[in-house]
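Remarks on the structure that follows.
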Amino acid sequence: MLPFAGGEPFSLDETFGCGQIFRWRRTLRGTWRGPYGAVALEVQAVPGGVAVTWRGAGSAPPAGDIWRFLGLDFPLGRAREILGADAPVSRAMDATPGLRILRQDPWDCVSAFVCAQWSSVAKIERSTGWMAREWGETVPFPDGEVIHLCPRAGRLAALAPDALRPAGLGYRCRYVVGTAHAVAAGDVDLDALRGAEYPDALAALLRLPGFGRKVADCVLLFALDQPCACPVDVWVRRAFHDWYAEELASRLPSEADALTPREHRALVQFAWDRWGDLAGYAQQYLFHARRGAKQHLAVPEPRS
DNA sequence: GCTACACCTGC
DNA sequence: CAGGTGTAG
């Protein structure tokens with residue numbers, strides 16, 4: 001059992017269901033199962049902590065790794081106090097107070113988000129699930145369910161891009177194979193990027209095909225220990241413009257139709273100036289709230 | 001540096 | 001018509 005600090009909020013449903021990870025599923029018992037590198041995990045909320053079991057052919061993942069995977073090392077209570085001064089973030093955190101940012105296996109995360117451009121959560125889940133069933137190792141659970149691990153980079157690198165076409169990846173097929181090749185060949189050492197300075201890790205990821213600023217920031221935030229990374233997509237952009245219109249007015253000429261690189265950088269800088277190293281968490285809550293607002297029509301202070 | 005445009009698929 | 005990136009001007 002992995003404990004967390006007294007009173008620290010944590011929700012499996014909010015954490016695994018917010019769109020930061022694509023291959024994990026909730027079981028009928030309310031636990032969550034999914035791949036984590038070379039093993040499959042099942043996590044269950046218990047009083048005061050989380051119970052974790054693992055299965056697979058590999059060795060047992062260190063408890064500290066799982067602790068960090070679940071984001072339990074992050075002082076969310078303290079972050080809540082700091083971000084509580086920011087009204088929109090505070091409201092967003094009230095909606096999903098137990099949402100934590102995971103620390104995913106780097107390749108699991110890269111291989112998922114390279115599929116993410118101009119896509120949706122549902123579509124990424126289909127594509128990555130298809131690839132895993134086709135090329136991922138299988139790990140059975142006693143009740144008969146089989147977890148398919150994320151295919152290793154070397155496996156995907158050996159494929160012809162068209163082999164991925166049934167996954168519905170379209171023009172992203174060559175990005176998946178190209179990125180897998182770069183990782184398998186050692187052109188990019190994902191593990192070494194943990195602990196690198198943010199600009200260096202960002203530059204390394206931007207060399208991968210299919211990786212622009214948004215996808216790179218997702219990987220930096222969700223796997224590579226960069227809490228300041230702030231992925232800006234159209235939903236985050238809408239959230240910023242909806243809830244920080246006055247603050248942005250002095251930084252941006254106006255809200256254009258297209259999200260230009262210039263506006264993109266300005267929005268990231270805005271997040272850094274306002275939230276510093278908590279920008280990633282602030283982004284995730286605002287992102288989730290803005291998407292939920294669309295679904296539930298419960299927007300705090302909608303624009304126009 | 002910046003803006004414009006093509007690109008696969010699915011809901 | 002969409003939760004972006006690569007490429008050409």
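Below, read A as the first sequence line, B as the second, and so on, with proteins coming before strands; counting in each chain starts at 1.
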Notebook entry, point to check: In whole angstrom, what separates R165(A)'s CZ from dG10(B)'s C1'?
Noted result: 15 Å
Notebook entry, point to check: What integer distance in Å separates K214(A):NZ from dG6(C):P?
Noted result: 13 Å
Item checked: Nearest-nucleotide pick for S120(A), side chain only, options being dG4(C), dG3(C), dT3(B) -> dG3(C)
Check: Which nucleotide in the list dT5(C), dT3(B), dG3(C) gets nearest to the side chain of V121(A)?
Finding: dG3(C)
Notebook entry, point to check: Looking at R265(A), does any N or O in its side chain come under 4.0 Å of the phosphate oxygens OP1/OP2 on dC2(B)?
Noted result: yes
Note to self: By nearest heavy atom, map Q117(A) and A167(A) onto DNA chain B; which one lands nearer the 5' end?
What the structure shows: Q117(A)
Checklist line | Contact nearer the 5' end of DNA chain B, comparing R126(A) with W118(A) | finding: W118(A)
Mind telling me whether [Y] and [X] have parallel, tilted or perpendicular rings, with 30° and 60° as the class edges?
| X | Y | value |
| --- | --- | --- |
| W32(A) | F16(A) | parallel |
| W272(A) | Y198(A) | perpendicular |
| Y281(A) | F74(A) | parallel |

Could you tell me whether [X] contacts a base, only the sugar-phosphate backbone, or nothing, with contacts defined as non-hydrogen atoms closer than 4.0 Å?
| X | answer |
| --- | --- |
| F211(A) | sugar-phosphate |
| V215(A) | sugar-phosphate |
| L208(A) | sugar-phosphate |
| R172(A) | base |
| R174(A) | nothing |
| K123(A) | base |

Next item on the list: Using only heavy-atom distances, determine whether the side chains of Q269(A) and H264(A) contain a donor-acceptor pair under 3.5 Å.
Entry: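 No donor-acceptor contact under 3.5 Å links the two side chains.
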Next item on the list: Note every stem involving DNA chain C: at least three consecutive Watson-Crick or G-U wobble pairs, i with j then i+1 with j-1, with both distances under 3.5 Å.
Entry: B:2-7 with C:4-9
Check: According to a 4.5 Å side-chain heavy-atom criterion applied to Ile, Leu, Val, Met, Phe, Trp and Tyr, with indirect links allowed, do L76(A) and L99(A) form part of one hydrophobic cluster?
Finding: yes
Next item on the list: Using the rule that two of Ile, Leu, Val, Met, Phe, Trp, Tyr join whenever any of their side-chain heavy atoms come within less than 4.5 Å, decide whether L202(A) and V114(A) are in one cluster.
Entry: yes
Notebook entry, point to check: Of V234(A) and P209(A), whose nearest nucleotide on DNA chain C comes first from the 5' end?
Noted result: V234(A)
Margin query: So for Y175(A) and dG4(C), does any side-chain atom that can act as donor or acceptor lie under 3.5 Å from a complementary atom in the base?
Written below: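 Checked by distance alone, the answer is no.
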